[in-house]
Amino acid sequence: MNRSGEPILIWGAGAIGGVLGAYLQRAGQDVLLVDVAGDHVEAMNRDGLAIEGPVEAFRQSVRACTPAEVEGRFRRTVLAVKAHHTEAALDMLAPHVAQDGFVVSAQNGLNETVIAKRLGAARTMGCFVNFGADWQAPGRILYGNRAAMALGELDGAATPRLTQMHELFRLVEPQAVMTDNIWGYLWGKLAYGALLFATALTHDSMADALARETHFPVFDTLGSEVMSLARAEGVAPLGFNGFDPDAFSGAPGSEAARRSVAAMAEHNRHTAKTHSGIWRDLAVRKRQTEVDAQVLPLVAIGGRHGIATPALSRLVELVHDLEAGRREQSLATLDEMLPACA
């Protein structure tokens with residue numbers, strides 16, 4: 001599994017990267033965590049990284065540093081920054097990727113395309129992560145629930161390095177899968193993510209927002225738009241944790257779509273992470289969300305294929321309004337989606 005003494009670089013030690021790093025280090029791997037937040041790095045080096053929540057609670061000694069302090073080149077790197085920070089992270093990370101190295105994108109969105117454009121497809125590995133986690137404070141990460149995780153090569157090949165990384169990720173999530181269709185998972189997560197962006201327009205929990213009958217057309221239309229784009233891109237989307245891609249590929253308002261939205265609501269009722277990271281960016285951390293890196297590219301893909309995406313376009317507009325303080329998170333803001341979701 002691990003070359004003798006070979007370290008694993010995790011770039012971004014927030015919610016996802018922090019959980020991965022703590023578990024891998026606890027399992028005996030040599031991990032270096034990198035984060036731009038100096039106080040977080042200081043806390044990790046001083047006190048260890050605390051993983052909190054119902055899944056498991058422990059404090060793990062780790063090595064951490066800021067980007068400017070990284071030395072050397074690494075064969076195995078996990079990129080776990082927010083999607084809209086990918087380009088900036090690659091600027092700093094690229095010199096530290098070994099010639100025979102590769103980067104695993106443990107992010108939301110289609111960041112694999114960005115990494116592949118910069119480093120080459122052969123040095124990029126796809127990854128899908130759906131467990132719930134939140135950065136709480138310097139040195140503290142909430143691990144809210146277990147959920148689906150998958151890794152795959154971009155071309156679907158079965159490779160020794162994929163087997164190796166799959167074994168490592170199973171140290172974090174024993175049910176993690178190795179797939180020849182990582183794009184199917186990534187596009188499934190894009191649809192699921194669009195629904196979560198809609199829930200973040202309110203202060204409702206993810207489960208309560210998804211279960212609200214009044215707004216079912218919003219979730220149904222967003223899912224359908226993303227699935228139509230996936231088909232146009234030649235991707236066969238895959239389901240997970242209640243999301244059923246086939247349910248959003250037929251007539252609007254289908255019983256299958258209702259069952260899928262209800263299943264996603266039920267999944268999210270069993271987590272300590274009650275609200276999405278999108279909601280947390282808006283309501284707690286008062287910062288830009290990933291909407292321009294996750295949802296806006298879908299609108300562009302629709303334009304390329306001549307496919308209208310009124311719901312996705314309106315979602316981007318409303319999130320921009322929230323980011324700029326022109327609107328407040330409320331049911332009234334979610335209501336604004338309904339005219340675009342016939």
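As a basis for the values below, the full set of heavy atoms in this structure was taken, side chains included, without hydrogen atoms, waters or symmetry mates. Remember, predicted model here, so these are calculated numbers, not experimental data.
Counted within 6.0 Å of CD on Glu69, heavy atoms from surrounding residues, nucleotides or ligands total more than 12; the atom is thus considered enclosed. Counting heavy-atom neighbours within 6.0 Å of Arg118 CZ, excluding the residue itself, gives a total above 12.
Hydrophobic clustering, with ILVMFWY side chains joined whenever heavy atoms are under 4.5 angstrom apart, keeps Leu110 apart from Leu90. Hydrophobic clustering (side-chain heavy atoms under 4.5 Å, transitive across Ile, Leu, Val, Met, Phe, Trp, Tyr) groups Phe128 together with Leu196.
Nearest approach of Arg73 to Pro95, heavy atoms of both residues: NH1-O, 3.1 Å. When all heavy atoms of Pro67 and Met92 are compared, the closest pair comes out as CB-SD, 3.6 Å. Between Gly126 and Leu154 the shortest heavy-atom distance is N-CD2, 3.8 Å. Of all heavy-atom pairs between Arg314 and Glu317, the closest is NH1-OE1, 2.9 Å. Scanning both residues, Gln294 and Leu298, for their nearest heavy atoms gives O-CG, 3.6 Å. Residues Ala247 and Ala257 share a closest heavy-atom pair of O-CB, 3.5 Å.
Note on Glu167 versus Arg170: no salt bridge recorded, every NZ/NE/NH1/NH2 to OD/OE distance being 4.0 Å or above. One finds a salt bridge joining Arg258 and Glu213 here, because a Lys/Arg side-chain nitrogen approaches an Asp/Glu carboxylate oxygen to under 4.0 Å. Using a 4.0 Å cut-off between charged nitrogen and carboxylate oxygen, Arg287 and Glu323 do not count as a salt-bridge pair. Ion pair Arg259/Glu255 not flagged as a salt bridge, since none of the NZ, NE, NH1 or NH2 atoms sits closer than 4.0 Å to an Asp/Glu carboxylate oxygen. Look at Arg75 and Asp100 and you find no salt bridge, because none of the NZ, NE, NH1 or NH2 atoms lies under 4.0 Å from a carboxylate O. Between Arg26 and Glu56, at least one side-chain nitrogen of the basic residue sits less than 4.0 Å from a carboxylate oxygen of the acidic one, meeting the salt-bridge criterion. Salt bridge present: Arg304 and Glu233 bring a charged side-chain N and a carboxylate O closer than 4.0 Å.
Note that CD of Glu336 and CG of Leu315 are 12.5 Å apart. Values are rounded to the nearest 0.5 Å. Annotation: the span from Met149 atom CE to Cys127 atom SG amounts to 6.5 Å, rounded to 0.5 Å. Here Leu142 contributes atom CG and Glu52 contributes atom CD; the two are 7.0 Å apart, rounded to the nearest 0.5 Å. In this structure, CH2 in Trp187 is found 5.0 Å from CG in Leu229, a value given to the nearest 0.5 Å. The distance from the OH atom of Tyr185 to the CG atom of Leu190 is 15.0 Å, given to the nearest 0.5 Å. Expressed to the nearest 0.5 Å, how far CZ of Phe219 lies from CE of Met264 amounts to 9.0 Å.
Counting only N and O atoms by type, the side chains of Asp134 and His275 include no donor and acceptor under 3.5 Å apart. There is a side-chain donor-acceptor pair under 3.5 Å between Trp279 and His203. With no hydrogens or angles considered, no side-chain donor-acceptor pair links Thr221 and Ser224 at under 3.5 Å. A donor atom on one side chain and an acceptor atom on the other are found under 3.5 Å apart for Asn108 and Lys189. Inspection of the Gln329 and Thr202 side chains reveals no N or O donor paired with an N or O acceptor under 3.5 Å. Residues Thr86 and Asn111 have side chains that bring a donor and an acceptor to within less than 3.5 angstrom of each other.
Put simply, the side chain of Asp244 never gets that close to the backbone of Gly239: no donor and acceptor are under 3.5 Å apart. With hydrogens and angles ignored, the 3.5 Å screen pairs a side-chain donor or acceptor of Gln25 with a backbone N or O of Val31. A donor-acceptor pair is defined here as one N or O able to donate and one able to accept, closer than 3.5 Å; such a pair exists between the side chain of Arg123 and the backbone of Ala98. Between the side chain of Glu153 and the backbone N or O of Met125, no donor-acceptor pair lies under 3.5 Å. In this structure a side-chain-to-backbone donor-acceptor pair under 3.5 Å is present from His96 to Gly72. Judged by distance alone, the side chain of Ser313 and the main-chain N or O of Thr309 form a donor-acceptor pair under 3.5 Å. Side chain of Lys273 to backbone of Ala133: a donor-acceptor contact under 3.5 angstrom is found. Proximity of a side-chain donor or acceptor of Asn130 to a complementary backbone N or O of Ala147 within less than 3.5 Å is not detected. At distances below 3.5 Å, at least one donor-acceptor pair connects side-chain atoms of Asn145 with backbone N or O atoms of Gly132. Ser260 contributes no side-chain N or O that, together with a main-chain N or O of Ala256, makes up a donor-acceptor pair within less than 3.5 Å.
In this structure, the side chains of Phe248 and Val226 stay at 4.5 Å or more apart for every pair of heavy atoms. Side-chain atoms of Phe216 and Leu210, non-hydrogen and from C-beta on, never get closer than 4.5 Å to each other. Taking the side chain as every heavy atom from C-beta outward, Leu79 and Leu93 approach each other to under 4.5 Å. Using a 4.5 Å heavy-atom cutoff, the side chains of Pro7 and Gln29 are not in contact. With a 4.5 Å cut-off on side-chain heavy atoms, Phe131 and Thr271 do not count as touching. Between Met178 and Leu162, the closest side-chain pair of non-hydrogen atoms falls below 4.5 Å. In this structure, the side chains of Thr163 and Pro160 stay at 4.5 Å or more apart for every pair of heavy atoms. Counting heavy atoms from C-beta on, the side chains of Asp204 and Leu331 come closer than 4.5 Å.
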Q | Step-by-step side-chain contact (heavy atoms from CB on, under 4.5 Å) determination, Cys341 to Asp220 | A | CA-CA 8 Å; Cys341 302; Asp220 185 29; over 6 Å; no
Q. Could you walk me through whether Leu9 and Arg76 pass the side-chain contact (heavy atoms from CB on, under 4.5 Å) check?
A. CA-CA 6 Å; Leu9 182 66; Arg76 302 177 300 179; over 6 Å; no
Q: Apply the test side-chain contact (heavy atoms from CB on, under 4.5 Å) to residues Met337 and Leu318: give CA-CA distance (whole Å), side-chain angles for both, the deciding distance (0.1 Å), then the verdict.
A: CA-CA 8 Å; Met337 285 291 301; Leu318 291 172; 3.7 Å; yes
**Q.** Verdict with reasoning, His40 to Leu49, per side-chain contact (heavy atoms from CB on, under 4.5 Å)
**A.** CA-CA 9 Å; His40 186 40; Leu49 181 55; 4.1 Å; yes
Q: Please report the C-alpha distance between Asp208 and Arg269 in whole Å, then the side-chain angles of each, then the deciding distance to 0.1 Å, and finally whether the salt bridge (Lys or Arg N to Asp or Glu O under 4.0 Å) criterion is met.
A: CA-CA 8 Å; Asp208 287 346; Arg269 289 206 185 280; 2.9 Å; yes
Q: Begin with the C-alpha distance, continue with both residues' side-chain angles, and end with the deciding distance and a verdict on side chain to side chain donor-acceptor pair (under 3.5 Å) for Gln107 and Ser105.
A: CA-CA 5 Å; Gln107 303 168 273; Ser105 172; 2.7 Å; yes
Q: Could you please spell out the steps behind the ring-ring contact (aromatic ring centres under 6.0 Å, His included) verdict for Phe58 and Tyr23?
A: CA-CA 10 Å; Phe58 63 95; Tyr23 269 83; 5.2 Å; yes
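Under the side-chain contact (heavy atoms from CB on, under 4.5 Å) rule, Val104 has a single partner from Thr77, Thr124, Leu151, Leu20, which is Leu151. Just one of Thr274, Leu195, Asn268 meets the side-chain contact (heavy atoms from CB on, under 4.5 Å) condition when paired with Met206; it is Asn268.
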